[in-house]
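Encoded as structure tokens, the structure appears first; notes follow it.
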Amino acid sequence: MIDVQYQRGVYLSHEDLWLDPWDAKRFAFVSHAHSDHIAPHDEIIVSKRTARLMQARLPGTRIEHALSFGERRTVHDVDVTLLPAGHIFGSAQFFLFARDETLLYTGDFKLRPGKSAERAEWREADTLIMETTFGLPRYRFPPTEQVIDQIVTFCRETLDDGQVPVLLGYSLGKAQEILCSLDEAGLTPMLHGSVYQMTRIYEQLGQSFCKYVRYNVNDVAGKVLICPPSANRSRMLEKIPHKRVAMISGWATDPNAVYRYQVDAAFPLSDHADYNDLLRYVDLVRPRRVFTLHGFAAEFARDLRERGIEAWALTEENQMELSLGSAGMLPEASGKTRGEVVRQSAGQSGQHARAPQSESEFFAFAHVGERIGAAAAKLQKVRLLADYLRTLGQEQLPIAAIYFTGRAFAQSDPRTLQVGGSIIYRAMMAAAKLSDAEFHRIAHGHGDAGKTAFEALEGRTNPEPFALEESCNFFDTLHRSRGPIAKTELLRSRLAKLSAREAQYVVKILTGDLRIGLREGLVEEAIAHGFEMPLDQVKEAHMLLGDIGATAMLASRKELHRAELSIFRPIKCMLATPEPTAEAVWERFVEGKDPAAQLLSVAAATYDAAGNAATVYLEDKFDGIRAQLHRSGQRVEIFSRDLRRITDQFPELARQARNFEKELIVDGEIIAYEQGRRLTFFDLQKRLGRKSDGADLFDGVAADVPVAFIIFDLLWLNGRSLLKTPLRERRGRLGGLRLPPQFQIAEVMSAHSASEIEQTFQQARRRLNEGLMIKDPESVYLPGTRGMFWFKLKKELATLDVVVVAAELGHGKRNNVLSDYTFAVRDETTGELLPIGKAYSGLTDAEIADLTEHFKQNTIADHGRYREVNPDIVLEVAFNSIQPSTRHASGLALRFPRIKAIRRDKNVDSIDTLEYARQLAAQRSEVGVLE
DNA sequence: ACTGATGCGTC
DNA sequence: GTCGGAC
DNA sequence: GTCCGACGACGCATCAGT
């Protein structure tokens, strides 16, 4: 008879062929595309469909003999036909003709028909090698329809309780099986990424499925989540507070399945044959001998023998049955010692002798912060801070000054902490040794990490004095440590050694938000006040240094004059004030000038050009990133708006800039630019925040988005600062520069009336630019300020009428109001409301208070900070652009969304449609293609 | 190798 | 980037 | 006017988990 051996896979020695081996072999049959079956063999026999699935999962080169089902072919003298196995799409059984004998190897199979796999076929054979995963009588599955009914009921009930149903099933096969059943029941399936990918591949292979959406953390409510089993108890699911999880697996028949998988329910829907079908299959094939494989192989072989059929289990040593425990696929079901959580006996709080807090410098700092926060008047805040700063020594002063701007490091300091809310909350919880529930109660009550720290840690730490310099070292250590886990532990151990008040301020600094009504501007004032220096000088020094700590030092020594503009030290850029209309901009220039000119301009714009009344400079407003370029000799540096060095992100610009013939600092905008092709800000973003180690090995980095530097100002020329030179003259000198490739100068136009501004604005839009900049030609360059000399004119693309479907509590001072609204458009084909964006911006406090009341009374499902609400509030939302996105279920997202108005006159039925939103998105890109 | 979560910096 | 609010 | 705070979307890097 045909020789059958087994060693991590079935081996047919005469044919020198492996069937589903675990390890890579020279020549093998691969029954289906589950990942544990697709080792990188040299040469394989597969079904055509499995071959295509494998291409997607394991790209690479190998010799493939891809057979259609039923096709008889000879491969290396192996005479073979493949039959569908019914396990998953493409899964095949292997039917071998060997001389006058036949052999059928099932691979994984099932007999009951499924929606996503071909129906299994069979042939009689002398030898049958079959998988017997469920080879015990207790694994008899109820009819599929009945199980599906149970699953649907489970989902419905869960949804009715305002919770999210989660179904766990393998991403290839099982998940697709569940998909359609849900849709037929009127439920919307939402697929985990891996499930989604697999389903897409199925579709490419010609299978069709019902409607589904990809997993999106913001849009889970009301959906049925389908995840691979590995996702259970993962962070992804932890984020969903109110959920019920069900395992979809043949193992669900086990009475303790719910306990074993730690789920709320388990349903026996399987891609494998159950016990009945295994027996039935043996009857159909009428083999002379049977080899069993996987699962309860020994048990099933024994059952067959009792029925008079020769049967042997294939195990590691190709030995016959012997005990060997069996349940190979199961996580051990035995004596699971539930890890008792050893609780620390509480009671360490309070009595521990501690150093007086007055010795802690950091406590003094925090204390001043508290007093500043309590003071309502700005001047009083400034005075409090000034008094404090004066008491500090050389080492402490710069540190405290920086902390009071809400930063751990100076602005010009590129270090980052990589510590955000997630790490902070975990560290606080651990330091306070509070239970999840208790901690969440405290955290929910605040919505402010700092306040949470105070309440959570009060009385639960062992405070030690904390010097300001120590704190400085601590932040640096935090910066240098790698990975959230290490950072969490570092922070935890530090918090445990601080008083609650100090911890609160450490957390405030970490979040970058002091929330005491004071930032850079008032710190500057405090420095000026405290060290009796003119505010202007302090501001100027600060803007030149980009370091409030260093500024404070200079001020304390009366050496502010030593801060000078110097090349390769970036300065803040001058900002523009937004205006909604050309008229408003024009007003700005006319008002305050002599009354005669004002009259003239209103009465008849034509006089303006004739007289010497206002002339303004106009430039297109480009949609890129603000950049400041310094060049001297061979050295070039580029800085972003936040004074970060971005030279490495744009090496080709830096290289080209060496070819300027002068030493200079220019201000401008880097845009994604390629002749004849419309590039957008999103293209440009692909080049930001990127590390480009070694990228300069390759000139140009071919894959990069091409960019151009549009210069619009000149701040430094041949050793001289031009900050105090009028724009008119700066512009003039700019015109005299020779430009390297990839550098352009923004064209200046001038206008003498509102209507000219409006006209130019329209032209700028036609040139596909964001809008228009309007500048006073006589103005000097004021770094870091949004003065009345530069204006920007942008207009919304359109507005949408949308309906609010969810509301969320705000943070900080908005902690107790529902200030954050998720809104939706209507999908006209299904009638569904699909979220398209979020916003609160644009409403007054009174309106927010109103809406908060309304939404509290019209809540459909309350998930803590987040609640779904009755869709009865219609908003008019403005935005600057609209583009495809996976962020919201509508598949679109808005750029710079803001609420224009609450449309009490409208109801859900009159909101805009998804189709309309799509048209807006399409219009924009079409125009782009044309020009 | 892949997905998802988080943090950061750009607008 | 957006916006409203406080001084 | 100016500053402050409370918010939007996106893309990249990094890490965790499997």
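For the numbers below, each heavy atom of this structure counts, side chains included, while hydrogens, waters and symmetry mates do not. Lettering follows sequence order; numbering is per chain, from 1.
The CG atom of Leu417(A) sits 16 Å away from the C1' atom of dA13(D) (whole-angstrom rounding). Computed from coordinates, the Leu518(A) CG to dG5(D) P distance equals 8 Å when rounded to whole Å. In this structure, Ile625(A) atom CD1 and dA9(D) atom P are separated by 21 Å, rounded to whole Å. A straight line from CZ of Arg687(A) to P of dC8(B) spans 24 Å, rounded to a whole angstrom. Atom P of nucleotide dT10(B) and atom CD1 of Ile671(A) are separated by 18 Å, given to the nearest angstrom. Rounded to a whole Å, the CG atom of Leu894(A) is 18 Å from the P atom of dC7(D). Nucleotide dC12(D) holds its P atom 18 Å from the CZ atom of Arg644(A), rounded to whole Å. Residue Phe823(A) contributes atom CZ, which lies 11 Å from atom C1' of dA9(D) at whole-angstrom precision.
Here the separation of dA5(B) from dG4(C), taken at their P atoms, is 33 Å to the nearest Å. With both ends at atom P, the span from dG7(B) to dT2(C) equals 26 Å, rounded to whole Å. Going from the C1' atom of dC3(C) to that of dT6(B) covers 27 Å, rounded to whole Å.
When heavy atoms are screened at a 4.0 angstrom cut-off, Leu379(A) is found touching no nucleic acid atom at all. Looking at heavy-atom distances under 4.0 Å, Ser230(A) makes contact with sugar-phosphate atoms alone, never a base. Backbone-only contact: Lys539(A) has heavy atoms under 4.0 Å from sugar-phosphate atoms and none from a base. In this structure, Tyr215(A) reaches the sugar-phosphate backbone alone: every heavy-atom distance under 4.0 Å involves primed, P, OP1 or OP2 atoms, never a base. Within the 4.0 angstrom heavy-atom criterion, base atoms lie near Gln685(A). Using a 4.0 Å heavy-atom criterion, one finds that Leu684(A) contacts no nucleic acid atom at all. Note on Thr577(A): nothing from the nucleic acid sits closer than 4.0 angstrom, heavy atoms only. Residue-level contact check: Arg415(A) touches neither bases nor backbone, having no heavy atom under 4.0 Å from any strand. Contact annotation for Lys900(A): no contact, since no heavy-atom pair falls under 4.0 Å across all strands. If you check every strand for non-hydrogen atoms under 4.0 Å, Thr785(A) touches nothing. Counting any heavy atom pair closer than 4.0 Å across all strands shown, Ile424(A) reaches no nucleic acid atom.
Among residue pairs with one or both ends in residues 372-384 of chain A, none qualify as salt bridge (Lys or Arg N to Asp or Glu O under 4.0 Å); sequence neighbours excluded.
By the side chain to side chain contact (heavy atoms under 4.5 Å, CB included) test, Thr647(A) is found to be paired with Glu637(A), Ile638(A), Arg645(A), Ala654(A), residues two or more places apart in sequence or in another chain being considered. By the side-chain hydrogen bond (donor to acceptor under 3.5 Å, both in side chains) test, Glu525(A) pairs with no residue at all, sequence neighbours left out. Residues passing the side-chain hydrogen bond (donor to acceptor under 3.5 Å, both in side chains) test with Glu770(A) are Lys621(A), Lys794(A), sequence neighbours excluded. Taking the side-chain hydrogen bond (donor to acceptor under 3.5 Å, both in side chains) definition, one finds that Lys900(A) meets it with Glu796(A), sequence neighbours left out.
In terms of phosphate contacts, Lys686(A) brings no side-chain nitrogen or oxygen within less than 4.0 Å of OP1 or OP2 of dA13(D). Dashed line: the shortest gap from a side-chain N or O of Arg641(A) to OP1 or OP2 of dG1(C) is under 4.0 Å. Between Ser819(A) and dA6(D) there is no side-chain polar atom (N or O) within less than 4.0 angstrom of OP1 or OP2. Listed pair Arg482(A) / dA13(D) fails the phosphate criterion, with no side-chain N or O lying under 4.0 Å from OP1 or OP2. Taking side-chain N and O atoms only, Ser640(A) has a distance below 4.0 Å to OP1 or OP2 of dT10(B). Between Lys239(A) and the phosphate of dG4(B), there is no side-chain N or O to OP1/OP2 separation shorter than 4.0 Å. Taking 4.0 angstrom as the limit, Arg626(A) places none of its side-chain polar atoms (N or O) nearer than this to OP1 or OP2 of dT10(B).
The closest side-chain donor-acceptor pair between Thr844(A) and Glu847(A) falls under 3.5 angstrom.
Here the nucleotide nearest the side chain of Asp820(A), chosen from dC7(D), dT10(B), dG11(D), is dC7(D). Nearest nucleotide to the side chain of Lys378(A), out of dC3(D), dG7(B), dT10(B): dC3(D). Distances were taken from every side-chain heavy atom of His192(A) (C-beta onward) to each of dC11(B), dT2(D), dT3(B); the shortest belongs to dT3(B). Of the candidate nucleotides dC8(B), dC11(B), dT10(B), dT10(B) has the atom lying nearest to any side-chain atom of Leu688(A). Residue Arg887(A) places its side chain closer to dC10(D) than to any other of dC11(B), dC10(D), dC8(B). Proximity note for Lys838(A) (side chain, C-beta onward) versus dC7(D), dA16(D), dG8(D): the nearest is dG8(D). Picking from dA16(D), dA9(D), dT10(B) the nucleotide with the shortest atom distance to the side chain of Gln883(A) gives dA9(D). The nucleotide whose nearest atom lies closest to any side-chain atom of Arg519(A) is, among dC4(D), dG1(C), dC8(B), dC4(D). Checking dG8(D), dG1(C), dC10(D) against the side-chain heavy atoms of Phe682(A) singles out dC10(D) as nearest.
Using a 4.0 Å cut-off between charged nitrogen and carboxylate oxygen, Arg895(A) and Asp623(A) count as a salt-bridge pair. A salt bridge is absent between Arg814(A) and Asp820(A): the closest approach of a Lys/Arg side-chain nitrogen to an acidic carboxylate oxygen does not fall below 4.0 angstrom. Salt-bridge check for Glu876(A) with Arg898(A): failed, with every basic side-chain N at 4.0 Å or more from each acidic carboxylate O. Salt-bridge annotation for Arg492(A) and Glu489(A): present, with a side-chain N of the basic residue lying under 4.0 Å from a carboxylate O of the acidic one.
Where Arg235(A) and Arg895(A) meet DNA chain D, the nucleotide closest to each residue was compared, and Arg895(A) sits on the side nearer the 5' end. When each of Gln418(A) and Pro884(A) is assigned the nucleotide of DNA chain D with its nearest heavy atom, Pro884(A) is the one assigned upstream, toward the 5' end.
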Restricting both atoms to N or O, compile the protein contacts to nucleotides 2-5 of chain C shorter than 3.5 Å, with distance only.
from	atom 1	to	atom 2	distance (Å)
dT2(C)	OP2	Lys792(A)	NZ	3.4
dT2(C)	O3'	Arg898(A)	NE	3.3
dT2(C)	O2	Ser841(A)	OG	3.4
dC3(C)	OP1	Arg898(A)	NE	3.4
dC3(C)	O4'	Ser841(A)	OG	2.8
dG5(C)	OP1	Asp845(A)	N	3.0

### Stepwise side chain to side chain donor-acceptor pair (under 3.5 Å) test for Tyr505(A) and Glu370(A)
CA-CA 9 Å; Tyr505(A) 274 78; Glu370(A) 282 302 280; 2.6 Å; yes
